[in-house]
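Worksheet: one structure, shown below.
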Amino acid sequence: MGAILFSLRLMLALAMLVLPFRPLRAAALAAGGFASLTALGPQGAGVPAVTVETRSLAGEAQAAVASGDFALAAALVAVLPDAEARLARPALMATALAQVRPLPASDAVGNHAGYAFLAALDPATPLWGQRAALYATRLP
């Protein structure tokens with residue numbers, strides 16, 4: 001059973017290398033994490049060496065926030081189990097704030113996406129929703 005589960009996750013990882021569509025990638029990640037191919041190279045007698053890195057959904061959401069891809073991060077957070085989401089929330093908030101705060105006010109798209117993500121992540125803080133609404137009025 002464990003070998004089958006690992007094979008399924010590896011197939012999902014390989015599929016994600018060729019899936020350019022974020023919603024499909026998020027759906028694949030919803031299966032419980034993935035393994036990503038990080039390096040290929042010759043090893044020994046012409047056998048390719050493969051380095052595989054595994055990440056949890058929370059880790060992938062963190063990477064999406066760090067790269068400024070708030071849409072993917074929101075999709076990943078939406079499918080996280082509640083306990084895992086509670087544990088990941090402080091780090092996601094800190095990373096999102098570090099990405100959004102330095103954006104110039106003229107970047108309405110980036111600010112709207114970032115503050116909308118923060119509002120969804122922390123609905124108890126009305127400031128995030130207010131800023132998302134402000135930047136929504138400035139969208140092109």
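Looking only at side-chain heavy atoms (C-beta outward), Asn111 and Arg131 stay at 4.5 Å or farther from each other. At a threshold of 4.5 Å between non-hydrogen side-chain atoms, the residues Val100 and Phe70 count as touching.
Here CG of Leu121 is found 5.0 Å from CZ of Arg89. Values are rounded to the nearest 0.5 Å. Taken to the nearest 0.5 Å, the CG atom of Leu72 stands 6.5 Å off from the CD atom of Glu60. Considering OG1 of Thr125 and CD of Gln130, their distance stands at 10.5 Å, rounded to 0.5 Å. Taking CG of Leu80 as the start and CG of Leu92 as the end, the distance is 8.0 Å to the nearest 0.5 Å. Atom CD in Gln99 sits 11.0 Å away from atom CG in Leu118 (nearest 0.5 Å). For the atom pair CH2 (Trp128) and CE (Met93), the distance works out to 5.5 Å, reported to the nearest 0.5 Å.
When all heavy atoms of Ala108 and Arg138 are compared, the pair lying nearest together is CB-O, 3.5 Å. Across all non-hydrogen atoms, the minimal contact from Ala119 to Gly129 is CB-N, 3.7 Å. Between Ala132 and Ala116, the shortest heavy-atom distance links the atoms CB-N, 3.7 Å.
Side-chain heavy-atom separations under 4.5 angstrom define the hydrophobic clusters, and the remaining members of the one that includes Leu139 are Val109.
Cluster membership for Leu97 and Leu103, using ILVMFWY side-chain heavy atoms within less than 4.5 angstrom, is not shared.
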